[in-house]
Amino acid sequence: QVKLVESGGGSVQTGGSLRLSCVYSYSSYCMGWFRQAPGKERGGVAGIHSDRSTRYADSAKGRFTITQDNAKNTLYLQMDSLKPEDTAMYYCAADRWCPIQTLLDLTTYKDWGQGTQVTVSS
């Protein structure tokens, strides 16, 4: 089981930026960022495969960037041009292996972090 610890959340105004970090106990083939707003289902934001392929939700394209630094055992999510609708709890997830096409699927991942809150005010 991969241990995942997120950090970097906070409160920003519309148009601001945040960088989320997720420290993992050991690298996995598939890692992703998900978010869940109050009263809504958890959904995929961005995912990265061991071959460096990435996938983004439409809402994240052009604004968010997922990267991974295996030397530091850390997954990042750079979030720019934040909007109030980005307000949610953000979770890091990992799994040993997955098809690239499923990087944003909730059911792909076995291991989850506790989450970090992002709040964007208008």
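Predicted model, so just to flag it, every value in this text is computed and none were measured.
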Show your reasoning for whether side chain to side chain contact (heavy atoms under 4.5 Å, CB included) applies to Q117 and T87. CA-CA 8 Å; Q117 178 68 38; T87 295; 4.1 Å; yes
Could you check L4 against D111 for side chain to side chain contact (heavy atoms under 4.5 Å, CB included), going step by step and ending with a plain yes or no? CA-CA 8 Å; L4 305 167; D111 299 307; 4.2 Å; yes
Just checking, any donor-acceptor pair under 3.5 angstrom between side chains of T74 and D69? no
Check whether the side chains of S53 and D51 place a donor and an acceptor atom closer than 3.5 Å, and report yes or no. yes
May I ask you to check whether S122 and T14 show a side-chain donor-acceptor distance below 3.5 Å? no
Each residue besides Y91 in its hydrophobic cluster should be listed here, by chain and number; the cluster joins Ile, Leu, Val, Met, Phe, Trp and Tyr at side-chain heavy-atom distances under 4.5 Å. F34, M89, I100, L103, L106, Y109, W112
CH2/W33 to OG1/T116 distance, rounded to the nearest 0.5 angstrom? 7.5 Å
Restricting to ring-ring contact (aromatic ring centres under 6.0 Å, His included), what partner residues turn up for Y90, sequence neighbours left out? none
Given a cutoff of under 4.5 Å between side-chain heavy atoms of I, L, V, M, F, W and Y, with clusters grown through shared members, what are the other residues clustered with V23? none
Are a donor atom and an acceptor atom from the side chains of N70 and Y24 found within less than 3.5 Å of each other? yes
Does CD in Q13 sit with more than 12 non-hydrogen atoms of other residues, nucleotides or ligands closer than 6.0 Å? no
Any chance you could lay out the side-chain hydrogen bond (donor to acceptor under 3.5 Å, both in side chains) test for S17 and D80, step after step, and finish with the verdict? CA-CA 4 Å; S17 297; D80 299 317; 2.7 Å; yes
Decide side chain to side chain contact (heavy atoms under 4.5 Å, CB included) for C92 and M31; before the verdict, give the C-alpha distance in whole Å, the side-chain angles of both, and the deciding distance to 0.1 Å. CA-CA 7 Å; C92 174; M31 297 198 73; 4.0 Å; yes
